[in-house]
2 protein chains.
Amino acid sequence: MAGLPRDSGDARDTVVTLARSLGVAASTVSRALRGDPRISTKTRRRVEALAAERGYAPNVLARTLASGHSGLIALSLGPISNPFYVELMQEAVIQAAARDLRLLLLHAGAGPIEDQTAQTLLQYQVDGCLITSAELSSHAARICAVHNVPVVMVNRVPKLHASAIACDNFLGGQDLARLLLGGGHQRFAIIRGNPDSSTSIERERGFAEMLKNHGIDFDLRINGGSTYEGGFAAGRMFAEMPRDRQPDAIFAVADIMAMGVVDALRIGGIRVPDDISVVGFDGIAQGAWPAYAITSVQQPIAAMVSRGLDLLTARIGTSTVPDEVVLLRGELILRRSARLPVRMAA
Amino acid sequence: MAGLPRDSGDARDTVVTLARSLGVAASTVSRALRGDPRISTKTRRRVEALAAERGYAPNVLARTLASGHSGLIALSLGPISNPFYVELMQEAVIQAAARDLRLLLLHAGAGPIEDQTAQTLLQYQVDGCLITSAELSSHAARICAVHNVPVVMVNRVPKLHASAIACDNFLGGQDLARLLLGGGHQRFAIIRGNPDSSTSIERERGFAEMLKNHGIDFDLRINGGSTYEGGFAAGRMFAEMPRDRQPDAIFAVADIMAMGVVDALRIGGIRVPDDISVVGFDGIAQGAWPAYAITSVQQPIAAMVSRGLDLLTARIGTSTVPDEVVLLRGELILRRSARLPVRMAA
DNA sequence: TTGAAAGCGTTACCAG
DNA sequence: CTGGTAACGCTTTCAA
């Protein structure tokens with residue numbers, strides 16, 4: 001006999017026990033419970049009533065075995081020292097539940113997804129993968145491709161076989177540059193995140209291009225690793241520069257770095273934004289703290305998750321839908337960390 | 001025929017296909033793969049070799065159906081605006097993977113676990129629940145109790161049928177009070193988190209009791225809701241008090257609130273720690289940021305998760321192990337937000 | 001040491 | 001509209 005002798009009193013209901021109690025077939029119960037239109041209203045009512053009364057919960061694992069769909073989405077989170085990913089996760093939990101999908105938390109952190117973890121994708125028959133930031137290892141990507149598991153990257157444009165949803169980082173970078181130009185700034189610096197990530201690259205590109213359009217070049221480009229500490233180190237470097245070579249506007253490509261920059265500048269005796277303006281990107285909640293008040297581009301997190309799940313569900317069970325990359329426009333949030341023009345342009 | 005016509009080329013291996021290729025029985029493959037000692041070394045080698053070559057991954061869901069164990073742990077996170085829970089989650093992901101357990105992310109946020117979500121526990125046959133902070137709804141708790149699913153609460157002493165692992169909040173509160181007394185402080189205030197949570201209550205109790213032992217009473221007790229904003233509001237209130245009624249030491253029972261307090265005090269023109277000392281609890285990474293440098297009690301997160309998983313695994317599959325509450329000692333972290341005695345006592 | 005077969009709970013197909 | 005039955009992939013008991 002298979003099956004562990006779970007606790008004795010624990011006689012859990014199944015479609016079979018329900019069917020017996022009602023004097024119908026198991027298949028009828030199964031159909032009734034999932035609203036198959038062929039079942040008579042009367043029968044369905046009876047089945048639903050008994051199921052509710054007994055607190056019946058279908059065994060999803062058995063269902064998966066028979067149907068091929070687990071309702072499981074693998075979630076892989078980027079470095080969660082960046083609150084942006086935490087907000088993304090929170091939103092994903094809420095929206096996945098609303099769509100009757102469950103999240104299998106595969107990975108959280110800066111590192112790559114380990115090959116061993118990738119096995120889990122197969123073992124648990126996940127219907128799809130939601131990846132934030134960390135690139136899938138090529139091993140994991142191959143597994144997904146071979147087994148036809150759709151992959152959606154959030155906040156990252158994919159190199160591999162995958163769909164993606166992201167904020168339009170290029171436009172956002174442009175918006176920030178335009179804002180700073182309007183504020184009369186002249187000497188610019190940028191603090192990159194991970195210099196390989198599409199996110200960081202695009203933001204920088206938009207920013208630099210807009211400046212270039214106005215005849216401005218700059219070469220102060222530092223890598224900050226998308227961490228507070230990285231931003232802080234960069235800020236300290238700027239604070240220690242001779243006054244005449246200091247930038248008067250700094251773009252940190254992630255709010256969390258911008259916060260580090262602000263702290264370092266202030267500790268160095270530099271006023272923000274009076275001496276130097278600082279702008280960030282992401283729109284994390286902490287950026288609004290009064291000690292920072294970071295001017296930023298707010299990523300549309302709810303919409304990103306929603307569209308991301310759309311992309312995913314559209315590809316579950318078929319291999320005919322081609323990969324797709326969706327860019328959503330972020331919103332400029334004006335706060336106190338950046339000087340504004342005396343007369344704000346529209 | 002059951003099963004969706006997954007993609008055609010996608011002929012995924014099973015124990016049966018492996019068995020056929022080797023000319024042995026499926027049961028032999030199954031046994032070999034799990035190291036059943038009855039299988040000859042030679043046969044096992046052959047099986048393992050082929051499995052590796054074909055990239056075979058067992059279908060855990062089918063295994064669950066047969067064995068009763070899913071390897072799935074339901075994870076329910078507290079309000080993640082508090083980075084403490086994020087650190088806890090990160091640690092849980094790492095340690096669960098190391099034990100070959102997977103985390104099903106059920107809930108994240110301040111609210112209670114919804115009844116609908118509780119159904120998921122059953123549907124996915126989770127082996128156990130790891131709950132941080134948010135109390136399980138009584139409905140969910142009943143489900144776990146009836147179906148013999150062990151529950152471990154982290155950072156929270158349970159009211160219901162559950163085991164628990166937490167920092168010794170009472171002792172931590174005492175430690176902080178002792179430190180502040182040593183620093184010569186005389187007028188105290190406390191900012192509570194959620195006033196119903198055991199965590200907040202115990203920290204307050206330890207703090208107040210130690211002061212009482214030194215003949216000191218205080219009645220400045222504010223609810224801060226365990227958020228930055230709550231701490232900020234409380235801090236502003238203190239800043240606006242007449243100087244002679246202001247406290248000279250504030251204990252915010254969570255670091256995230258302490259950060260809000262510090263910001264509000266400084267904006268109000270009060271120096272920290274020169275005018276007022278502020279201490280927190282949790283030891284979150286952000287508390288170490290140079291702008292805050294919060295003196296705090298560091299919770300032993302890794303140990304908490306590790307022991308928490310111990311408690312859980314010990315109770316999976318049996319109902320004979322009684323519930324257990326484990327308290328771990330936190331570590332006092334001295335930083336710059338609190339004045340120290342001129343001669344620091346040991 | 002290995003094989004055969006039953007069973008886990010569900011869904012899907014084919015009859016009726 | 002409903003019933004019966006096979007099948008999903010694995011583990012486990014029983015027999016050899």
Side-chain angles (χ1 to χ4, degrees), chain A residues 1-6 10-47 51 54 56-72 122-125 127 147 317, chain B residues 1-6 10-47 51 54 56-71 119 122-125 127 147 317:
Chain A
M1 227 246 292
L4 224 73
R6 286 184 158 261
D10 175 24
R12 195 170 156 184
D13 275 301
T14 71
V15 277
V16 175
T17 63
L18 290 184
R20 254 201 297 267
S21 300
L22 289 163
V24 300
S27 44
T28 302
V29 172
S30 170
R31 287 193 274 249
L33 253 22
R34 279 170 315 131
D36 189 309
R38 298 176 306 181
I39 297 295
S40 73
T41 316
K42 188 161 138 268
T43 310
R44 176 171 24 196
R45 291 263 165 72
R46 285 212 308 144
V47 173
R54 299 261 195 97
Y56 167 76
N59 183 330
V60 182
L61 275 38
R63 172 181 297 178
T64 302
L65 203 52
S67 74
H69 290 321
S70 64
L72 241 31
L122 283 185
Q123 297 186 330
Y124 283 86
Q125 312 275 105
D127 287 345
H147 294 276
Chain B
M1 227 246 293
L4 225 73
R6 285 180 160 265
D10 174 24
R12 190 168 160 188
D13 275 301
T14 70
V15 277
V16 175
T17 63
L18 290 184
R20 253 202 297 267
S21 300
L22 290 164
V24 301
S27 44
T28 302
V29 173
S30 170
R31 288 193 270 250
L33 252 22
R34 280 171 316 130
D36 188 311
R38 296 177 307 183
I39 296 296
S40 73
T41 316
K42 186 159 140 270
T43 309
R44 175 170 21 192
R45 290 263 165 74
R46 285 212 307 144
V47 174
R54 299 261 196 97
Y56 167 76
N59 182 331
V60 181
L61 275 37
R63 173 181 294 177
T64 302
L65 204 53
S67 75
H69 290 320
S70 64
Q119 288 293 320
L122 284 183
Q123 297 185 332
Y124 284 87
Q125 312 275 107
D127 286 345
H147 293 277

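Lettering follows sequence order; numbering is per chain, from 1.
Legend: residues meeting side-chain contact (heavy atoms from CB on, under 4.5 Å) with A/Thr14, ordered by chain and number and at least two apart, are A/Val16, A/Thr17. A search for side-chain hydrogen bond (donor to acceptor under 3.5 Å, both in side chains) contacts involving B/Arg54 returns B/Asp13, B/Ser21, not counting sequence neighbours. With sequence neighbours excluded, the residues satisfying side-chain contact (heavy atoms from CB on, under 4.5 Å) with B/Arg34 are B/Ser30, B/Arg63. Contacts of A/Ala57 classified as side-chain contact (heavy atoms from CB on, under 4.5 Å), with partners at least two apart in sequence or in another chain: A/Arg12, B/Gln119, B/Leu122, B/Gln123. Shown here are the salt bridge (Lys or Arg N to Asp or Glu O under 4.0 Å) partners of A/Arg20, two or more places apart in sequence or in another chain: there are none. Under the side-chain contact (heavy atoms from CB on, under 4.5 Å) criterion, B/Ser27 pairs with B/Ala25, B/Arg31, not counting sequence neighbours.
A straight line from CG of B/Asp36 to P of D/dT13 spans 11 Å, rounded to a whole angstrom. As a whole-Å value, the separation of B/Leu18 CG from D/dC10 C1' is 12 Å. Atom CD in A/Gln123 sits roughly 10 Å away from atom P in D/dC10 (whole-Å rounding). B/Leu33 places its CG atom 15 Å from the P atom of D/dG9, with the value rounded to the nearest Å. A/Leu61 places its CG atom 12 Å from the C1' atom of D/dC10, with the value rounded to the nearest Å. Taking atom CG on B/Leu22 and atom P on C/dT1, their separation rounds to 18 Å, with Å as the unit. For the pair A/Asp13 CG and C/dC8 C1', the computed distance is 16 Å after rounding to whole Å. Taking atom CZ on A/Arg63 and atom C1' on C/dT10, their separation rounds to 8 Å, with Å as the unit.
Taking all atoms of both residues into account, the shortest heavy-atom contact from B/Thr64 to B/His69 is OG1-O, 3.3 Å.
Contact annotation: the side chain of B/Leu61 approaches that of A/Ser70 to within less than 4.5 Å [non-hydrogen atoms, C-beta and beyond].
Dashed line: the shortest gap from a side-chain N or O of A/Arg34 to OP1 or OP2 of C/dA12 is under 4.0 Å. Proximity of B/Thr43 to the phosphate of C/dT1: no side-chain N or O atom is located under 4.0 Å from OP1 or OP2. The shortest distance between the side-chain N/O atoms of B/Tyr124 and the OP1/OP2 oxygens of C/dG9 is not below 4.0 Å.
End-to-end axis angle of the helix from C/dT1-D/dA16 to C/dG16-D/dC1, using five pairs per end and rounding to 10°, comes to 40°.
Comparing C/dA12, C/dT1, D/dT2 by their closest approach to the side chain of A/Ser67 singles out C/dA12.
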Atom pairs under 3.5 Å: protein N/O with N/O of nucleotides 3-5 of chain C:
{"unit_1": "C/dG3", "atom_1": "OP2", "unit_2": "B/Ala25", "atom_2": "N", "d": "2.9"}
{"unit_1": "C/dG3", "atom_1": "OP2", "unit_2": "B/Thr28", "atom_2": "OG1", "d": "2.5"}
{"unit_1": "C/dG3", "atom_1": "N7", "unit_2": "B/Arg31", "atom_2": "NH2", "d": "3.0"}
{"unit_1": "C/dG3", "atom_1": "O6", "unit_2": "B/Arg31", "atom_2": "NH2", "d": "3.0"}
{"unit_1": "C/dA4", "atom_1": "N6", "unit_2": "B/Ser27", "atom_2": "OG", "d": "3.2"}

* Asked: Would A/Leu18 and A/Val47 satisfy side-chain contact (heavy atoms from CB on, under 4.5 Å), going step by step from the backbone distance to the final call?
  -> CA-CA 8 Å; A/Leu18 290 184; A/Val47 173; 5.5 Å; no
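Among the heavy atoms of the strands lying under 4.0 Å from B/Ser30 is at least one base atom, whether or not backbone atoms are also near.
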